[in-house]
Amino acid sequence: MADQNNLTAAELPNLQDTAADAAAANDSKNEMPTTYDPKSAETKWYSYWTEGGYFRAGGRPDAKAYSIVIPPPNVTGMLHIGHALDFTLQDILIRTKRMQGFDTLWLPGTDHAGIATQTKVEQKLREQGISRHDLGREKFLEQVWEWKDKYANTIHEQWAKMGLSLDYSRERFTLDEGLSKAVREVFVKLYNKGLIYRGKRIINWDPAARTALSDIEVEYKEVNGHLYHLRYPLKDGSGFITVATTRPETMLGDTAVAVHPEDDRYKDLIGKTLILPIIGREIPIIADDYVDKEFGSGAVKITPAHDPNDFEMGQRHNLPQINVMDESGTMNEEAGPYQGQDRSVCRKAITADLKEQGVLINIEDHVHQVGHSERSGAVVEPYLSTQWFVKMQPLAEAAINAQKDGNGVNFVPDRFERTYLNWIENVRDWCISRQLWWGHRIPAWYSESTGELVVANDEEEARRISGLTDLKQDEDVLDTWFSSNLWPFATLGWPDENSADFKRYYPNDVLVTGYDIIYFWVARMIFSALEFTGEKPFSDVLMHGLVRDSEGQKMSKSLGNGVDPLEVIEKYGADAMRYMISTGSTAGQDLRFRWEKVEQARNFANKIWNASRFALMNLEGVSFENIDISCELSTADRWILHRLNETSREITRLIDSYEFGETGRQLYNFIWDDLCDWYIEFAKLSLYGSDAAAKAKTQSVLAYVLDRTMRLIHPFMPFISEEIWQHLPHEGETITLAAWPEYDAALENPQAVAEMNLLMDVIRAVRNIRAEVNVPMSKKVELIIKAGNEETLSIITRNDNYIGRFCNTSSFEAGLNPETPDKVMSAVVTGAELLLPLSGLIDIEQEIARLEKEVMTLNGEVERVEKKLSNQGFVAKAPAKVIEEERAKQADYSAKREKVLARIAELRG
RNA sequence: AGGACGGUAGCUCAGCGGGAGAGCACUAUCUUGACAGGGUAGGGGUCAUGGGUUCGAACCCCAUCCGUCCUACCA
């Protein structure tokens, strides 16, 4: 039916070469194909941007600075779709701010990712039958550096494919010279302040990676285990005490049994001695409040070297600590007959022996949480060893106070502030030493003869301050997060506080990251920044969710459900991926990845492409200087300028408040509905008409609107917007540096909106009627319009060309009260009544039935509004504006209803 | 055990105090010169359940049920 709906141009004009095309060389084709091909545009423009140095910060010394540092991806491997989300959001912010005139810095970098990377490289070596110990520290590290270089390159390529506007001249790595210096400085300062200490503690030990882990590197999983009930005999032969344990092999290290001091069952036994089965060691019965009388037998075996709670109790009661395992989880000489067995083998063996000796009473099924290493997956062993710790309390307190005094960071969405506070308020000391090679080696030295400890920035300094010559550096390295902690300021030159970048770009404006690393990273950056720079590291933290698979499952290697961003880009283009991923969810909320969504985004890109093709076909001879939108314009022209202006204002506001989902919707609606479906169709009238002046005006508006529209979508879809913008009449080298469309009060035009709304109503209504009686749009019909008042009439007659064209009317009559024939179909819009004499096509009874249905609908509306208005409470309490709106609706609906009723009467009459 | 988030059209999700929305899917229609990766017109929802607050609740409060995820765990 809509065969006359789209007015079309005669032929494709030849497009002129643009300067950019010449600069980008290899694209010699001038015509724009009917579908957008992302590939050529993407490589072409990315190198154009980087060669032009457009991403480099510092070029606008008088402007306000705006800075973001990238959350450094691990050099462990390739970037996944979650990175794409994180980076796209940052790129959107940076590109927007850059266009708004800020001196923007987006600093790239990568993280050495201690355990993760070392594990990968060790794995690779193991396949060749080599262990890291075969190579030795130095040779091994050479291998890791090679690995790092390889993956850093891959990451660079991926960044480029995604179109990220990073300032590569300032790229950093967590193990580079500057960061290492900052790490040492921080370590020494904290040590000298007494905030770093070395101590023997129960830590989380990863027996596979043979290193300590921090609390948050442990993942608890529910495991179907057993509860073993054991009977320990009293030394005096007067009986037994029953204890329960989930880990019978640890009994070898038991140094006491504890009961609650007020437990009547055991009161008399406190202070007596038990004989530990198998080992035969004498151990005391002690009393401690920690014991829960209700659980199990009410008596607990105490293994200070293999359980954190037992460790603390052991300290309270001066119990010996007997470590029965070595660092690989193998039983040691303290385990007596079990020496040399793996802990899991030992469990089985000891269970059998205990059973045989009558010690084991029974085994119950028991579901409990067991800690696993986040990296290696091994069951974590609570293990007694000497490690380095950061004393958290003073640092945490300062961070809490800052947050509560209003000097905190602004979390988006704000609920994450509570997550953060909750953690930092309950934080425990942070174990920072790792028994690895890949990382920042701890700046501590020991005298080989006396064991004396010296902490210093380097060995020379250590010698100088201690006067010792036989120094040997600590073998361990620091937790990866110890360095990523300093990322927001160490990347900018700190500890040199006079560094230009530090002064200019610190604190950062926003940190964009996933909610899953609030504890690992966000919280630690905050307290570190406060401690060392005296300022918060960034003003805002934007937390996004996780990208999940189409079923809502977490993406993981083991499930094989991960999505490679490069594959998405290959299939649908970087812009489609960026648009889908950035507008597809709200802050803090997870996002399900579905290919259909990417396809939809690709279709949107294609729609933009084709709208631009249309424009370019009709902008021949228009130059940037000739664009003039200040003259007398048509309704549609004024309307689209109003809508563009309104949209610009909204987009700016929404980006500033990080509402990317809503931004996407507004852009989509504006471009697809307003610009393509309505404005372009309206514009065809003057573009194809004979009125040269009118055509020139519309060309101006079209060029102007498209230019600004490209700028608005540029942060989201950088490639296609640049490609199109370069073809359009434009000024400047790149859209990357084009000015952001600012709201302009002069373009406000409520009158054009009202006029356009009426015209759209009329056109839709006529289309409806024609669809109703199957009159194809190719067949011309007569249209009579009864306008409600002079103003409406004038709008209609002023725009009769549009109505005539879109409704395909052969004769068109409009008046306040024109003569109407009998056999008509009709529709009512606000302010006017439409009449289509379609004699021969209409069944009068059917038409009456249709109109009666319309009356029913209107009745419902009127009833609802009247009920509301007759409610005393509503009239008394609702805001005046709401009441006014309801009154207007009431008037509108009843007027419409009356007209429809009158029509029915006429048809009957 | 505590906490957070989610339950809206067949699907994926937005809206978060004033007439239930989008995209996809579906139906009908158009071999239209920007675009079939398109146009036009449609069908489809007691907004998880039960209370409460309010003139007015998908939206605020309480309770319940169902999902997802964190945090802490008793041997």
Side-chain angles (χ1 to χ4, degrees), chain A residues 1-12 32 34-36 216 220 227-228 243-247 250 258 290-292 294-303 307 309-310 366 368-369 413 415-416 418-419 422-423 426 515-516 518-519 545-546 548 550 552-554 572 583-586 588-592 594 596-597 599-618 661-662 664-665 668-669 676-677 680-681 684 764 767-768 770-772 774 776-778 860-861 864-865 868 871-879 881-883 885-886 889 893:
Chain A
M1 87 180 225
D3 50 354
Q4 295 263 337
N5 227 18
N6 292 355
L7 313 176
T8 49
E11 60 190 82
L12 289 163
M32 295 171 80
T34 56
T35 49
Y36 170 59
I216 48 181
Y220 286 89
L227 196 55
Y228 302 78
V243 294
T245 181
T246 52
R247 308 180 55 213
T250 62
Y290 167 79
V291 180
D292 179 358
E294 309 302 320
F295 190 89
S297 63
V300 195
K301 61 190 266 313
I302 304 300
T303 324
D307 182 281
N309 294 313
D310 292 7
H366 182 69
H368 60 143
Q369 304 281 333
R415 68 182 132 93
F416 288 111
R418 262 186 300 160
T419 312
N422 188 45
W423 182 75
N426 297 297
Y515 61 71
D516 52 332
I518 294 179
Y519 305 145
L546 272 37
R548 297 173 173 278
S550 59
Q553 276 194 299
K554 210 167 170 172
Y572 292 99
T583 66
S585 89
T586 27
Q589 221 61 45
D590 290 350
L591 168 88
R592 286 194 196 193
R594 298 182 142 251
E596 303 91 272
K597 292 188 194 173
E599 193 178 321
Q600 189 184 315
R602 190 269 321 262
N603 292 352
F604 180 42
N606 199 46
K607 186 74 177 178
I608 294 169
W609 179 254
N610 278 300
S612 308
R613 272 181 71 228
F614 165 81
L616 289 162
M617 288 171 185
N618 293 287
E662 188 57 25
R665 236 160 283 124
Y668 193 95
N669 291 340
C676 294
D677 288 351
I680 286 184
E681 296 309 324
K684 285 173 182 173
R764 273 191 285 246
R767 278 175 183 165
N768 253 319
R770 300 183 71 134
E772 195 79 33
N774 282 320
M777 277 305 284
S778 53
E861 299 290 346
R864 192 183 51 74
V865 177
K868 216 169 186 178
N871 180 335
Q872 288 307 306
F874 176 77
V875 182
K877 295 186 178 177
K881 195 184 148 217
V882 175
I883 298 174
E885 277 168 15
E886 293 298 320
K889 282 179 208 164
Y893 289 135

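Below, read A as the first sequence line, B as the second, and so on, with proteins coming before strands; counting in each chain starts at 1. Because only heavy atoms are used, hydrogens play no part in the values below, and waters and symmetry mates are left out as well, while side chains stay in.
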What's [X] touching, base or sugar-phosphate or nothing? Going by heavy atoms closer than 4.0 Å.
{"X": "A:Asp516", "answer": "nothing"}
{"X": "A:Arg415", "answer": "sugar-phosphate"}
{"X": "A:Glu885", "answer": "nothing"}
{"X": "A:Ala611", "answer": "base"}
{"X": "A:Thr245", "answer": "sugar-phosphate"}
{"X": "A:Gln589", "answer": "sugar-phosphate"}
{"X": "A:Thr586", "answer": "sugar-phosphate"}
{"X": "A:Gln369", "answer": "base"}
{"X": "A:Asp292", "answer": "base"}

Would you indicate, yes or no, if [N] has its OP1 or OP2 atom less than 4.0 angstrom from a side-chain nitrogen or oxygen of [X]?
{"X": "A:Asn768", "N": "B:G42", "result": "yes"}
{"X": "A:Asn603", "N": "B:G38", "result": "yes"}
{"X": "A:Lys607", "N": "B:G39", "result": "yes"}

Earlier contact from the 5' end, RNA chain B, for A:Leu591 and A:Arg247: A:Leu591
Which is more 5' along RNA chain B, the nucleotide nearest A:Glu662 or the one nearest A:Asn871? Just name the residue. A:Glu662
Using the P atom as the point on both nucleotides, what is the distance between B:G45 and B:G37, in whole Å? 30 Å
Taking atom C1' in both B:C65 and B:G51, what distance in whole Å separates the two? 15 Å
In this structure, how many angstroms lie between the [atom2] atom of [N] and the [atom1] atom of [X], rounded?
{"X": "A:Met617", "N": "B:G33", "atom1": "CE", "atom2": "C1'", "answer": "8 Å"}
{"X": "A:Tyr668", "N": "B:U12", "atom1": "OH", "atom2": "C1'", "answer": "14 Å"}
{"X": "A:Arg592", "N": "B:C5", "atom1": "CZ", "atom2": "C1'", "answer": "13 Å"}
{"X": "A:Arg613", "N": "B:G33", "atom1": "CZ", "atom2": "C1'", "answer": "10 Å"}
{"X": "A:Tyr515", "N": "B:G3", "atom1": "OH", "atom2": "C1'", "answer": "14 Å"}

Side chain to side chain, A:Leu591 and A:Lys597, heavy atoms closer than 4.5 Å: yes
With a 4.5 Å cut-off on side-chain heavy atoms, are A:Tyr515 and A:Leu546 touching? yes
Identified pairing partner of [N], criterion: Watson-Crick or G-U wobble below 3.5 Å:
{"N": "B:C5", "answer": "B:G67"}
{"N": "B:G33", "answer": "none"}
{"N": "B:A41", "answer": "B:U27"}
{"N": "B:A22", "answer": "B:U12"}
{"N": "B:G17", "answer": "none"}
{"N": "B:A58", "answer": "none"}

Return yes when atom NZ of A:Lys889 has more than 12 non-hydrogen atoms of other residues, nucleotides or ligands closer than 6.0 Å, and no otherwise. yes
